[in-house]
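Read the structure below first, then the notes.
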2 protein chains.
Amino acid sequence: MVQEEQERRERQGSAEATRLALLMAALRLFGRNGYEATSTREIAAEAKANIGSIAYHFGGKEGLRAACAEHIVATIKAIAGPAVGLDGDAPSLEQKAAEDVLVQGVMRMIGFIVSQPQAGEFVQFVLRELSVAGPGVDVLYDGVFLPVHRRLCQLWGQATGQDPESERTRIAVFAMVGQVVYFRIGREAVVRRMDWPTIGPAEAARLGAVIAENIRAMVAAHRETQR
Amino acid sequence: MVQEEQERRERQGSAEATRLALLMAALRLFGRNGYEATSTREIAAEAKANIGSIAYHFGGKEGLRAACAEHIVATIKAIAGPAVGLDGDAPSLEQKAAEDVLVQGVMRMIGFIVSQPQAGEFVQFVLRELSVAGPGVDVLYDGVFLPVHRRLCQLWGQATGQDPESERTRIAVFAMVGQVVYFRIGREAVVRRMDWPTIGPAEAARLGAVIAENIRAMVAAHRETQR
DNA sequence: GTCTATAAACAGATAGAC
DNA sequence: GTCTATCTGTTTATAGAC
């Protein structure tokens with residue numbers, strides 16, 4: 001009886017482990033090479049699991065794709081949510097303070113998105129899913145894009161003194177985000193043009209410095225104009 | 001004799017036509033859905049040609065991919081090259097004039113990249129090829145990215161009075177480009193967040209206005225700082 | 001040059017032993 | 001839950017008729 005239960009727990013524990021290994025392998029490979037370019041056999045090999053297990057745990061390749069999207073959303077909710085006030089209960093800030101929080105947040109984004117290799121693969125998964133409007137775009141939009149963008153708009157509004165949900169603010173925030181993510185999308189072009197061997201934390205900091213400067217300039221400009 | 005030659009020319013003419021039809025179909029489908037997600041059968045169907053013709057004209061699917069990259073480079077060289085002075089023989093401009101040329105150029109880029117549906121597919125092909133560092137990334141980098149980025153750095157340098165090839169300038173120009181291309185990559189998120197049915201010329205103009213504002217602010221900031 | 005038929009490899013899904 | 005073997009469909013590439 002007791003032994004049986006222990007066995008069951010062990011099996012469940014290692015089952016969870018297999019599930020997670022498959023999920024991480026899929027996230028990595030889907031992100032790096034794309035969904036269609038990745039075979040279930042590759043995923044199983046990368047996760048050191050067998051091919052059948054993906055059908056067992058996720059129902060199939062498509063199920064794995066959906067699980068990846070959900071996992072990313074859950075991670076964002078758990079990590080970034082409370083850390084940067086993604087839930088809407090963030091305190092109101094004075095202009096200069098809001099600008100600082102905005103710049104600090106974007107610089108953290110740069111470090112995370114651009115220089116962390118594994119993070120980059122997750123980001124690429126998201127951007128790829130977005131660019132083909134694949135399944136999972138709904139959950140990713142509602143769980144990642146919308147809350148992050150809303151929060152940035154809030155900060156932008158407090159920093160510039162403008163309506164945080166105005167068309168102009170929403171566009172400006174998209175442009176700001178674009179400055180950051182392009183360094184991931186265009187990574188290959190960046191390393192060639194910058195003549196860097198890779199983009200590590202040191203290089204990311206150099207990018208962050210310029211982007212911070214840009215954001216402060218943009219905020220200042222939007223603060224002046226009355227619309 | 002004469003008849004034979006005419007036949008040959010006709011065959012060659014229609015051969016060129018099939019070749020081009022295949023090329024355009026591939027560019028469209030690769031751009032929209034990705035290389036691996038696109039089958040040669042789809043391409044042949046879209047081009048109203050048969051499957052064998054792609055092997056005949058391009059040697060295979062990979063050859064078609066390479067031909068797409070080369071075609072884009074040739075197009076850029078032919079169109080954008082002389083129009084915006086991509087060849088390095090552009091005149092030196094006074095600060096304010098350079099800023100205007102820069103802003104005008106970027107706004108044209110916005111209209112082209114974001115609102116033209118067929119152009120968008122080409123852009124997506126390029127960005128996708130770049131993001132996986134696939135074959136053709138060499139020819140695309142040398143033929144598109146490098147000349148465009150160099151030219152923008154030139155203009156940026158003239159507008160800000162800074163070294164056009166300094167690290168800071170190169171990064172700033174990447175950031176500027178990122179503002180633009182993100183509206184293509186993140187198109188799906190943009191239309192949802194902006195609550196636009198699509199991004200047509202009217203919406204592109206609204207984006208362009210904000211981006212132009214941003215660029216002017218960035219240029220002004222970089223002009224002030226001495227480094 | 002075009003088109004069809006087919007080969008050879010590979011995909012994802014599944015059944016069933018353990 | 002894991003793992004193997006296998007089924008079924010699809011892929012690209014190719015050979016050869018026209």
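Sequence lines set the chain letters: A, B, ... in the order given, protein chains first and strands last, and positions in each chain run from 1.
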B:R65 charged N/C atom sitting above B:Y35 aromatic ring, 6.0 Å / 45°: yes
Could you tell me how far apart [X] ([atom1]) and [N] ([atom2]) are, to the nearest whole angstrom?
| X | N | atom1 | atom2 | answer |
| --- | --- | --- | --- | --- |
| A:Y56 | C:dG16 | OH | P | 18 Å |
| B:H57 | C:dC3 | NE2 | P | 10 Å |
| A:N50 | C:dA17 | CG | C1' | 13 Å |
| A:L22 | D:dC3 | CG | P | 10 Å |
| A:E16 | D:dT2 | CD | P | 10 Å |
| B:F58 | D:dA13 | CZ | P | 13 Å |

With sequence neighbours excluded, residues passing side chain to side chain contact (heavy atoms under 4.5 Å, CB included) with B:T169: B:C153, B:W156, B:Q162, B:S166, B:V173
Test: B:K77 and B:E70 ion pair at under 4.0 Å: no
Pair A:D138 + B:R192, salt bridge at N-O below 4.0 Å: yes
Distances under 3.5 Å between nitrogen or oxygen atoms of protein and nucleotides 11-15 of chain C:
residue: C:dG12; atom: OP1; partner: A:K61; partner atom: NZ; Å: 2.7
residue: C:dG12; atom: OP2; partner: A:T40; partner atom: N; Å: 2.8
residue: C:dG12; atom: OP2; partner: A:T40; partner atom: OG1; Å: 2.9
residue: C:dG12; atom: N7; partner: A:R41; partner atom: NH1; Å: 2.9
residue: C:dG12; atom: O6; partner: A:R41; partner atom: NH2; Å: 3.0
residue: C:dA13; atom: OP2; partner: A:K61; partner atom: N; Å: 3.1

For [Y], does its backbone N or O pair with a side-chain atom of [X] as donor and acceptor, under 3.5 Å?
| X | Y | answer |
| --- | --- | --- |
| B:E42 | B:S39 | yes |
| A:R170 | A:E165 | yes |
| A:R187 | A:V114 | yes |

Phosphate OP1/OP2 of C:dT2 contacted by B:T18 side-chain N/O (<4.0 Å): yes
Residue pair A:V106 / A:I211: nearest heavy atoms and the distance that separates them: CG1-CG2, 4.2 Å
Pairing pattern in dot-bracket form [Watson-Crick, G-U; both distances under 3.5 Å; | = partner strand] for DNA chain D: |||||||.||||||||||
